[in-house]
Amino acid sequence: MKKLFAVLGNPIGHSMSPLMHNDLFSYYQIDAHYLPFQVRAEDLEDAVKGLRAIGVGGFNVTVPHKSSIIPFLDEVDPLAKSIGAVNTVVNQGGKLIGYNTDGPGFLKGLTACYPSIKGKKVLVIGAGGAARAIYFTLAKEKPLTLDIANRTPNNALSLIKECPYSVVSHAYSLEEAGKQLVEYDLIVQTTSIGMSPNTSELPISVNEIKKESMVCDIIYNPLETKFLQMAKQHGAQIQNGIEMFVYQGALAFEIWTGIFPDVKRMRENVLRQLGGHTC
């Protein structure tokens, strides 16, 4: 019998996860299908009950349900619990177990272009859910410093205090961080600033960026945000959000099937829909 997999979110029409995972199920000859479901916040508990009742194999969770889904699961992986957000759920014999593959997915994608952050000075821009997943994951990699810049520095400070891993960190306003970008080896932009259709917006000034730095933006539409364009003009190496998207999906697929999939195939499949390239 064909197994059902899904993604829950609101809105959900833009998601490329069905394209990516259905291709993988076909490629690995797994009798399964992946569907997108638009679920309102007030219907989330019922949606999870329904998926459980029909024996779903697993599902992804996207905005705005990554935190609010936790009470409806049977178990949550320690990293996901510390982050306070779940993006992948697997059904193990009727037990729904939640994971977060966003941070590990970002790290796997990053290492393709930037092998190690140990001993590096790192800046994360933003203090939302994605920033939290990435910050907690990077904190385990022993950077020299791991700072956060946010429109509201108190939110960045709260995130730093809640991190379960020991790392030297400072919280800055966007303006303060912009004046000292030359200090950082790696800069990770995690906000939605610059995403289509508001492609002319910048989260932070890049005038002070270090020429040899690595600059990442987790946005992949457009493939090259204005932030990345300007960083490249200043001599930085850049990476868009495709790598994080593909690797978080690959890790989810592995949780569901035990197979770590062909990432190159996944990347090419997504890029065919968007056009362009990664690093």
Side-chain angles (χ1 to χ4, degrees), residues 61 63-70 76-87 98-111 114 116-195 202-206 208-210 213-219 227 231 236 239 241 243-244 247-248:
V61 188
V63 176
H65 304 314
K66 290 186 181 184
S67 295
S68 53
I69 197 155
I70 290 175
V76 177
D77 170 76
L79 176 63
K81 188 177 289 184
S82 67
I83 293 167
V86 161
N87 78 322
Y99 295 85
N100 190 305
T101 67
D102 284 333
F106 172 79
L107 184 61
K108 274 190 170 289
L110 175 66
T111 54
Y114 199 79
S116 174
I117 68 163
K118 187 176 181 180
K120 300 292 198 302
K121 291 186 174 183
V122 183
L123 176 69
V124 174
I125 301 170
R132 192 178 178 91
I134 290 169
Y135 181 88
F136 284 16
T137 303
L138 294 183
K140 295 169 67 177
E141 300 301 307
K142 304 190 186 312
L144 184 62
T145 58
L146 180 58
D147 298 339
I148 304 180
N150 194 51
R151 187 176 283 133
T152 309
N154 281 343
N155 291 351
L157 196 58
S158 296
L159 198 161
I160 289 169
K161 288 178 179 177
E162 291 165 16
C163 182
Y165 311 109
S166 178
V167 63
V168 177
S169 295
H170 308 90
Y172 297 107
S173 69
L174 295 176
E175 187 178 1
E176 287 171 332
K179 293 175 181 175
Q180 57 192 41
L181 282 190
V182 70
E183 298 290 324
Y184 297 104
D185 305 300
L186 170 65
I187 300 165
V188 186
Q189 202 297 106
T190 71
T191 77
S192 60
I193 299 171
M195 184 185 291
L202 273 177
I204 196 169
S205 168
V206 297
E208 301 300 321
I209 209 161
K210 184 160 67 175
S213 60
M214 177 75 188
V215 179
C216 304
D217 196 323
I218 68 168
I219 292 170
F227 179 66
Q239 184 183 70
E243 295 300 298
M244 176 179 173
Y247 275 98
Q248 64 79 26

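Only this structure's heavy atoms are used, side chains among them; waters, hydrogens and symmetry mates stay out.
- One distance of note links OG1 of Thr190 with CD1 of Ile134; it measures 6.0 Å at 0.5 Å rounding.
- Remark: Gln180 CD to His170 NE2 distance equals 9.5 Å, nearest 0.5 Å.
- Between Leu186 and Leu110, some side-chain heavy-atom pair lies under the 4.5 Å cut-off.
- A donor-acceptor pair under 3.5 Å is formed between the side chain of Asp185 and the backbone N or O of Lys121.
- Scanning all heavy atoms of the two residues, the minimum distance from Ala131 to Val124 falls at CB-CG1, 4.0 Å.
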Could you give the side-chain donor-acceptor pairs of residues 150-161 under 3.5 Å, partners two or more places apart or in another chain?
unit_1 : atom_1 : unit_2 : atom_2 : d
Asn150 : OD1    : Ala127 : N      : 3.3
Asn150 : ND2    : Thr152 : O      : 3.0
Ser158 : OG     : Asn154 : O      : 3.0

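- Shown here is Lys210, whose NZ atom has more than 12 heavy atoms of other residues, nucleotides or ligands within 6.0 Å.
- A donor-acceptor distance shorter than 3.5 angstrom exists from the side chain of Gln239 to the backbone of Gly109, with no hydrogens or angles considered.
- A donor-acceptor contact shorter than 3.5 Å links the side chain of Gln189 to the backbone of Thr191.
- Counting heavy atoms from C-beta outward, Phe106 and Val188 have side chains that approach closer than 4.5 Å.
- Closest non-hydrogen pair, Leu144 versus Gly119, comes out as CB-O, 3.5 Å.
- Proximity of Phe227 to Ile125: side-chain heavy atoms (C-beta onward) are separated by under 4.5 Å at one or more points.
- With hydrogens and angles ignored, the 3.5 Å screen pairs a side-chain donor or acceptor of Ser169 with a backbone N or O of Leu146.
- Side chains of Lys140 and Leu107 form no contact here, defined as non-hydrogen atoms less than 4.5 Å apart.
- For residues 99-110, the pairs satisfying side-chain hydrogen bond (donor to acceptor under 3.5 Å, both in side chains) are Lys66-Asp102, Asn87-Thr101, Asn87-Asp102, with sequence neighbours left out.
- Between Tyr247 and Thr111, the closest side-chain pair of non-hydrogen atoms is not below 4.5 Å.
- Taking every heavy atom of both residues into account, Pro104 and Leu79 meet most closely at CG-CD2, 3.8 Å.
- Across every non-hydrogen atom of Ser213 and Ile209, the tightest pair is OG-CG1, 3.7 Å.
- Residues Pro143 and Val167 come closest through the heavy atom pair CG-CG2, 3.9 Å.
- Atom OG of Ser173 and atom CD1 of Ile148 lie 13.5 Å apart (nearest 0.5 Å).
- Of all the heavy atoms in Val206 and Leu181, the pair that sits closest is CA-CD1, 3.9 Å.
- Contact check on Arg132 versus Glu162 returns a salt bridge, with a Lys/Arg side-chain nitrogen under 4.0 Å from an Asp/Glu carboxylate oxygen.
- At least one side-chain heavy atom of Tyr184 sits under 4.5 Å from a side-chain heavy atom of Asp147.
- Side-chain atoms of Ser67 come within 3.5 Å of backbone atoms of Gly84 as a donor-acceptor pair (strictly under, hydrogens ignored).
- Here Ile117 contributes atom CD1 and Glu141 contributes atom CD; the two are 5.5 Å apart, rounded to the nearest 0.5 Å.
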